[in-house]
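All chains are named by letter (A, B, ...) in the order of the sequence lines, taking the proteins before the strands, and each is independently numbered beginning at 1.
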Amino acid sequence: MTLAINWGNAVIIAVLGISVVFCILVLLIFVISMFGKIMAPKIKVEKKAPVAANVSTNEKAAPEFEDVHIAGIETAAIATAIHLYFNDVHDSESYVMTIKSTQRRYSPWNSKIYGLNNNLVRK
Amino acid sequence: MKNIFRLLFISLLLFITNNVFAQENDAQPVVDETAVTEEVMAIAETADTEAVATEEYVEEDIHFGESIVKFLQRTGLSQLVDHWKAIIMLLVSFLLFYLAIVKGYEPLLLLPIAFGMLLTNLPGAEMYHSEYFAEGHVHWECFRNGAGLLDFLYLGVKLGIYPCLIFMGVGAMTDFGPLLANPKSLLLGAAAQLGIFVTYFCSIAMGFLPNEAASIAIIGGADGPTAIFLTSRLAPHLLGPIAVAAYSYMALVPVIQPPIMRLLTTKEERKIQMVQLRSVSKTEKIVFPVMVTVVVSLLLPDATPLIGCLMFGNLLRECGVTERLSKTVQNELMNITIIFLGTTVGATATADAFLNLKTLGILAVGIVAFGMGSAAGVLLAKLMNLFMKNKINPLIGSAGVSAVPMAARVSQTVGQEENPRNFLLMHAMGPNVAGVIGSAVAAGIMLSMMGS
């Protein structure tokens, strides 16, 4: 049995379907954006107002704010540090001082002899 | 050798005694006293002692040779000769085992599916009866006559329970933060659903019925639970092939998507670095699932089971006061449901349902659905770049097909091939989770248009 394809129905279902998907998701975009404007965390610091000589003391300018968000690189660094801290993969220190003071006046570290080229001496 | 002779002698002795007893039984049928029921005994005590037994159970004679023949006939091996298609299905299940275990293609689902397929195609095991669920509804009266384990477990698929529980787990594991930070990514999630509706056309053209075409088309949503949910409602007889196709193609996302992404974008477009996403407050994350449930359910009630469960799981995660429930939904509940769902969906792939031209058609159209969805997402991202101040990398468009988080990872990988300093993962997660919502909405639309 061969069924006749009703292309009209198929077109209606496809067009209506994709349109409804877009409409619902566009509506969600508006709603999310609206909620975002109300609820988004605002990390703001007050800008230092420039000293203006002519501004009268009665008319105080409203303090200007600038939005401060942590940069991506800083976020990555903090995340890595937290990850290392919680997973305990950082280098463990022995807390033992390995550099010790010496009583010798001259040592290979401060002797200029070691910093000079010694010519070959034929004996 | 002595032992072998001893064994042979004992078996011969047993055979002779059995035959002798059988002949005696032929002559004098013995009344099995133990077979007299308690009810009869009670009557016998009160009634006349001569009229003792009202019913007598006569045990049939057993002949050694006949028993062996009967036993051999009941083995799966002898039935395999008549069911040659079952052999092919067993081989298909072995192939799926290989793909899941060796190749690592979605093993969490492909392995239970393969095992369900193996169980259902073993002749004589009677683990699953497709006729109990024929004509789109459950024949409860058949369950009284005896049903296999998988028949009972399949009720969870048939009644639409498992996909919703899985969606709850998916919601509990999903961070909608990137989507909230960049709501425009919902558009990319919507565009990727174009593949579903284009595939619907292709399926209709191939001769599938509208309800079958809708079930096949949802493969393009790259969302296993959604595909299973819709198919179990619209075309349950195609559940096996559609589930196998959906999960196989989802596993092949890293193979299917990159060529399409490279074909549709220029080198410069792939290098685009996107601006840092804004931080999202906890309040936003808590309000979001409630708000989406209300909005979507009021507009499209058919999508409520999927969207509602997805958002419920997400609310458990984000509210911060139900950590135990959130962990249970993410782990134990999710894992148990996956086992039941995978096994029973695999069980629907019987030889008769799987080995036909329709399955080949589904596999062919499924890959078209995937490709079209990915392409539509990339193309819409390019279109959006014409109007937007902050350019978006078109590669994140392909993540609009769900396949969380595989599709987002593919965007990240392809993006880093061109620009190693480019980190697209979080940007791609926006369209990716939007795709989950989009495919659930698309399934709801299909259901409202074609469901009874």
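Note on B:Glu323 versus B:Arg317: no salt bridge recorded, every NZ/NE/NH1/NH2 to OD/OE distance being 4.0 Å or above. Between B:Glu284 and A:Lys37 no salt bridge is recorded (no basic side-chain N to carboxylate O distance below 4.0 Å).
Proximity to chain A is limited to the side chain of B:Leu300, based on heavy atoms less than 4.5 angstrom apart. Only the side chain of B:Phe288 has a heavy atom closer than 4.5 Å to any heavy atom of chain A. For A:Val20, the parts lying under 4.5 angstrom from a heavy atom of chain B are both the backbone and the side chain. The contact between A:Leu16 and chain B is made by backbone and side chain atoms together, counting heavy-atom distances below 4.5 Å. Looking at B:Ala181, neither its backbone nor its side chain comes within 4.5 Å of chain A, counting heavy atoms on both sides. Looking at B:Ala191, the atoms closer than 4.5 Å to chain A (heavy atoms on both sides) sit in the backbone and in the side chain alike. Using a 4.5 Å cut-off between heavy atoms, B:Ile204 contacts chain A through both its backbone and its side chain. A:Val11 touches chain B through backbone and side chain together, each having a heavy atom under 4.5 Å away.
Here the side chains of B:Ile196 and B:Met446 are in contact, with some heavy-atom distance below 4.5 Å. Using a 4.5 Å heavy-atom threshold, the side chains of B:Met429 and B:Pro405 count as touching. Counting heavy atoms from C-beta on, the side chains of B:Leu194 and B:Val198 come closer than 4.5 Å.
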Take B:His237 and B:Glu212, measure what side chain to side chain donor-acceptor pair (under 3.5 Å) needs, and give me the verdict at the end. CA-CA 9 Å; B:His237 56 286; B:Glu212 293 175 338; 2.7 Å; yes
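Between the CE atom of B:Met384 and the CD1 atom of B:Ile392 there is a distance of 4.0 Å, given to the nearest 0.5 Å.
Comparing A:Leu25, A:Ile13, A:Asn6 by heavy-atom pairs within less than 4.5 Å of chain B, the highest count is held by A:Ile13.
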